[in-house]
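All ligand and atom numbering here is 1-based and tracks the order in the structure.
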Amino acid sequence: MNATGWKEKLSAIRDSFSISAAKIPAENPEALELRFLGRKGELALLLRDLKDIPLEERKTLGALGNTVKEEMTAILTGLKAVSGAPGPAVKTDLDLTLPGWPLPKGSLHPLTVTLNRMGECFSKLGFSIAEGPLIEEDYFNFEALNFPPFHPARDMQDTFYVDLKDASGKDLLLRTHTSPVQIRTMKNQEPPVRIISPGRVFRSEAVDASHSFVFHQIEGLYIDKGVSMADLKWTLETFMKDLFGSSAKVRFMPSYFPFVEPGAEVEVSCVFCRGKSDTVRCPVCKGTGWIELLGAGVVHPNVLKACNYDPQKWSGFAFGAGIERFAMLLYGISDMRMLYENDLRILKQVH
Ligand code: FA5
């Protein structure tokens, strides 16, 4: 047989193998293997015929023949796997009877768990979630919230100013509270509005057990017809009882925020000593029986006007709470810094 004849025969064997391998129902892969690759198989015999081909052509043809052989072997392995026929035995030191390695299981961070729990309470009351940027315009963080430039109320929130202006030349800063989301939402939406807005805030403050320079707040805003301080009180009381249990009480202490009138600091009855720290002084409420948790009030008419809401027609309440303070109460954490140290012994206790 000359080289051309050998090549034609190889091509015919390859085609015949392909047709047999693709048959439905499939042919027995062992029988196919024997027919084409076995000692007296069609391809094996053809490869043996190579000895009659002149040496200079034998090398190329041999390589061609081996490629076809490899192709056939790969297809046969696949067919065996599908038909469940045993493949070549694999030697392994793996002991499949041994128990598996324990996989370390992650859990949510206490701040995330706290935020989720707070979010669930408010979603039951019909609040939806709104978000805003962390790098904020001075206008949204202060001006539209009734803090005019150079007003002394700005000193209440020590700010990180950014040494950049945005594309339209506006002053930028790291937001000091989540209240700018109130403005962004009202400017984009017709009333009624019922939102909560969780997120990170920044203040240039010294760090201690109850203060951080980066922390988290959750804002609440409800605008509708005839909303009053009584609605705020009911909402926050319902929320605190849901979170801390039905015996939790809420009280409002007069306070000042330029964007609400009247404004209040809201305190919850101490969930640790339940106001009974007469014998041993409670370290959390310092014996007062009350813990301050958030700021709140009735939305100031100037804020409504800045958002083109008619204060004669619409009114509302707003509140802003520190998520870290709630996490500390819920999980008995005495120092806020523990929440940021990523010590697994602390983090693993919260699920
Ligand atoms: C505000 O930030 C107001 N925007 C809240 C508000 C919203 C009032 C809507 C009225 C209406 P204040 O600065 O008090 O208020 O912060 C609110 C809460 O954030 C505090 O009660 C406290 O829980 C938390 N907080 C304040 N400063 C820090 C800090 N440095 N580290 C951790 N938590 C803080």
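Residue pairs meeting the ring pair (Phe, Tyr, Trp, His ring centres under 6.0 Å) criterion with at least one member in residues 162-192, sequence neighbours excluded, are His177-Phe259.
The side chain to side chain donor-acceptor pair (under 3.5 Å) check on Asn116 picks up nothing, with sequence neighbours excluded.
Residues lining ligand 1 at a heavy-atom distance below 4.0 Å are given as Gln157, His177, Ser179, Gln182, Arg203, Glu205, Ser210, His211, Ser212, Phe215, Gln217, Glu219, Phe257, Phe259, Val260, Glu292, Leu293, Leu294, Gly295, Ala296, Ala318, Phe319, Gly320, Gly322, Arg325, Met336, ordered by chain and residue number.
In summary, of the residues considered (Glu136, Glu131, Glu219), a salt bridge (charged side-chain N to carboxylate O under 4.0 Å, His left out) with Arg184 occurs for Glu136 alone.
Under the 4.5 Å side-chain contact rule for hydrophobic residues, Leu236 and Val260 do not share a cluster.
Phe326 and Phe244 have parallel rings, their planes meeting at less than 30° on a 0 to 90° scale where 60° marks the start of perpendicular.
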Listing, residues 202-209 side-chain donor-acceptor contacts under 3.5 Å, not counting sequence neighbours, or none:
| from | atom 1 | to | atom 2 | distance (Å) |
| --- | --- | --- | --- | --- |
| Arg203 | NE | Thr176 | O | 2.9 |
| Arg203 | NH2 | Thr176 | O | 3.1 |
| Asp208 | OD1 | Ser210 | N | 2.8 |
| Asp208 | OD1 | His211 | N | 2.8 |
| Asp208 | OD1 | His211 | ND1 | 3.0 |
| Asp208 | OD2 | His211 | ND1 | 3.4 |

